[in-house]
Amino acid sequence: MNITRVARVLRDCQPEEEVEVRGWVRTIRAKPAFSFIELNDGSSLKNLQIVVDAAVDGYEESIKQIGTGASVAATGTLKESPGKGQRIEMHAATLRVIGTADAETYPLQKKRHSFEFLREIAHLRPRTNTIGAVARVRNAVTASIHNFFQSRDFVYVHTPIVTASDCEGAGEMFQVTTLDLTRLAQMKTEIDYSQDFFGKPSYLTVSGQLEAEIYATSMGDCYTFGPTFRAENSNTSRHLAEFWMIEPEMPFYELDDNMRLAEEFIRSVVTDVLANCSEDMEFFNLRIDKTLLETLKNITDNEFIRLPYTEAVEILEKSGKKFDYAVEWGRDLQSEHERFLTEEHFKQPVILFDYPRTIKPFYMRVNDDGKTVRAMDVLVPRVGEIIGGSQREERYDVLVDRMKECDVEPDDYWWYLDLRRYGSVPHSGFGLGLERLVQLVTGMQNIRDVIPFPRTPKNAEF
RNA sequence: UCCCCGAUAGCUCAAUUGGUAGAGCGAGCGGCUGUUAACCGCUAGGUCGUAGGUUCGAGUCCUACUCGGGGAGCCA
């Protein structure tokens with residue numbers, strides 16, 4: 001007999017069908033004459049209720065061995081459930097305990113646990129309702145992302161994880177080395193990187209953008225989707241040292257095209273997840289954030305606000321609101337400013353663009369006014385900045401000037417500059433943090449709970 | 001890294017002005033023929049984050065450290 005997944009049993013199967021299911025016991029209500037087992041196999045939020053009669057072979061011994069967390073296999077006939085809470089249930093013909101779980105030591109109980117506690121048992125937390133639902137939704141989000149780009153003929157480009165170029169100086173980098181650090185520490189001599197694996201200092205990538213630009217200016221529209229590393233000592237609910245980033249890069253796109261794509265992209269993912277994960281999404285709306293579905297509907301139904309930085313500053317200045325940090329043209333907006341715009345003033349996603357050149361990196365295209373660059377940030381309620389992108393500077397001379405202005409050595413980026421020497425074209429792209437997108441979609445407050453194994457300062461267990 | 005808050009039973013928390021530890025849930029045992037956060041009864045379970053200090057006496061006050069949470073910066 002084939003094993004049937006619980007999700008399919010609950011959704012498609014009919015009374016009198018015979019099936020075998022295997023999974024983990026969420027809870028058991030045991031009695032002498034018969035027992036109820038709630039079985040979950042990860043395929044759905046809901047459990048399958050298995051009714052086990054005392055007449056089943058080995059009843060007493062099996063029931064004694066089964067507690068929360070045990071793994072079991074059961075065969076039986078499906079019946080319409082007379083009880084409330086489920087359409088269908090299984091009446092077991094056979095029940096086999098595969099692996100027991102000592103109730104004295106098994107950390108998960110059939111009660112609510114704090115997310116802080118669950119992080120300490122990351123090897124068991126996907127067995128909970130919330131983290132299981134996050135895993136399914138995260139999976140659906142990644143599938144939707146690929147669908148979005150593939151259906152638009154974007155090429156998926158695998159950019160390197162290890163890099164010798166400090167791309168754009170986007171934060172502190174993790175150094176990668178095969179040098180014997182213990183010996184080096186004793187020697188107290190200058191480090192000779194020619195002896196290192198790559199013959200020079202190398203690091204984990206902080207962005208695949210520069211390499212994506214290479215493929216965008218040869219293959220056409222493309223995107224990267226991979227792990228990204230930042231060695232910042234960040235301790236917040238929206239930062240990780242290791243996270244996944246999607247970075248589309250499109251030739252012949254100007255900033256307006258870039259903004260349109262970013263907006264369609266987010267809307268498409270939200271629409272897909274609402275359609276494909278309705279049960280999990282209802283759960284998040286009920287248990288995690290009561291305004292979640294409303295917030296997401298707002299995203300699917302309304303155009304994002306597009307607002308030049310300069311106008312944003314004016315709105316903030318006229319708002320009459322007391323901010324901890326003063327608003328002033330030429331300074332970067334603070335979190336409180338961004339949150340005011342997206343959560344209070346507009347109450348919907350906002351795309352800010354045309355930022356002062358002085359606060360943005362060298363590769364962003366300089367506007368005709370000379371004061372601003374074609375940068376854009378997509379801000380969403382709750383999460384804040386979810387996308388950062390720009391139209392890239394395609395003019396060789398302007399780019400070299402900007403590098404010098406930003407203390408970047410042009411010689412180190414000779415290949416990047418070559419793209420401007422040979423067949424240069426206007427092009428644009430952006431970076432979207434997968435975990436922040438999952439936070440937006442699930443309403444989960446802490447980014448550490450939307451990635452299976454979070455890496456943060458002082459934390460790399462599991 | 002900075003600011004604020006916290007750490008007490010397996011989990012979530014309580015303990016007046018400093019006087020030697022409690023509840024709910026969970027667990028174990030017993031009961032129960034349709035339960036679904038099952039229910040009812042009994043039982044066990046704690047070097048009060050770590051190290052110092054003040055005091056006749058510290059879970060409670062002081063210092064340092066560790067870890068966690070919220071906010072900030074960095075950004076996605």
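Excluded from the calculations below are hydrogen atoms, water molecules and symmetry mates; all remaining heavy atoms, backbone and side chain alike, are included. These figures come from a predicted structure and were not determined experimentally. Letters A, B, ... mirror the listed sequences (proteins, then strands); counts begin at 1.
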_Under 3.5 Å donor-acceptor pair, K111(A) side-chain atoms to C11(B) base atoms_ = yes
*Examine the base of G26(B) for any acceptor or donor lying under 3.5 Å from a partner atom in the side chain of E104(A), and report the outcome as yes or no.*
no
*Evaluate the ring planes of F265(A) and F430(A), with Trp represented by its six-membered ring, and classify them as parallel (under 30°), tilted (30 to 60°) or perpendicular (over 60°).*
tilted
_First of R436(A) and N459(A) reached from the 5' end of RNA chain B, by closest nucleotide_ = N459(A)
_Quick check on RNA chain B: between R29(A) and W244(A), whose nearest nucleotide comes earlier from the 5' end?_
R29(A)
For atom [atom1] of [X] and atom [atom2] of [N], their distance in whole Å:
X       : N      : atom1 : atom2 : answer
K110(A) : U35(B) : NZ    : C1'   : 11 Å
E247(A) : A76(B) : CD    : P     : 9 Å
Q209(A) : A76(B) : CD    : P     : 9 Å
Y106(A) : G10(B) : OH    : P     : 18 Å
I451(A) : A76(B) : CD1   : P     : 16 Å
E120(A) : G49(B) : CD    : P     : 15 Å
Q86(A)  : G34(B) : CD    : P     : 15 Å
E232(A) : G73(B) : CD    : C1'   : 9 Å

*Give, ordered by number, those residues of residues 35-48 of chain A having at least one heavy-atom distance below 4.0 Å to an atom of RNA chain B; if nothing qualifies, reply none.*
F36(A), E38(A)
*Mind running a 4.0 Å heavy-atom check of residues 134-149 of chain A against RNA chain B and sending the residues that fall below it, in number order?*
none
Decide, yes or no, whether a salt bridge links [X] with [Y] under the criterion of side-chain N to carboxylate O below 4.0 Å.
X       : Y       : result
E263(A) : R306(A) : yes
K404(A) : E409(A) : no
R119(A) : D449(A) : yes
D41(A)  : R8(A)   : no
K64(A)  : E61(A)  : no
K46(A)  : E279(A) : yes
R436(A) : E385(A) : no

_Of the listed nucleotides (G28(B), U33(B), C75(B)), which one gets closest to any side-chain atom of A33(A)?_
U33(B)
*NZ or CZ of R152(A) within 45° of Y156(A) ring axis and under 6.0 Å*: no
For [X], which contact category applies under a 4.0 Å heavy-atom criterion: base, sugar-phosphate, or nothing?
X       : answer
Q109(A) : base
Q439(A) : nothing
I387(A) : sugar-phosphate

What interatomic distance, in whole Å, is found between [atom1] of [M] and the corresponding atom of [N]?
N      : M      : atom1 : value
C42(B) : A37(B) : P     : 24 Å
G71(B) : C65(B) : P     : 24 Å
U63(B) : A44(B) : C1'   : 38 Å
G10(B) : G26(B) : C1'   : 7 Å
C48(B) : C39(B) : P     : 32 Å
U50(B) : A7(B)  : P     : 13 Å

Check the interface with nucleotides 70-72 of chain B: list each N/O to N/O pair with the protein under 3.5 Å, or write none.
from   : atom 1 : to      : atom 2 : distance (Å)
A72(B) : OP1    : R339(A) : NH2    : 2.3
A72(B) : O2'    : Y325(A) : OH     : 3.2

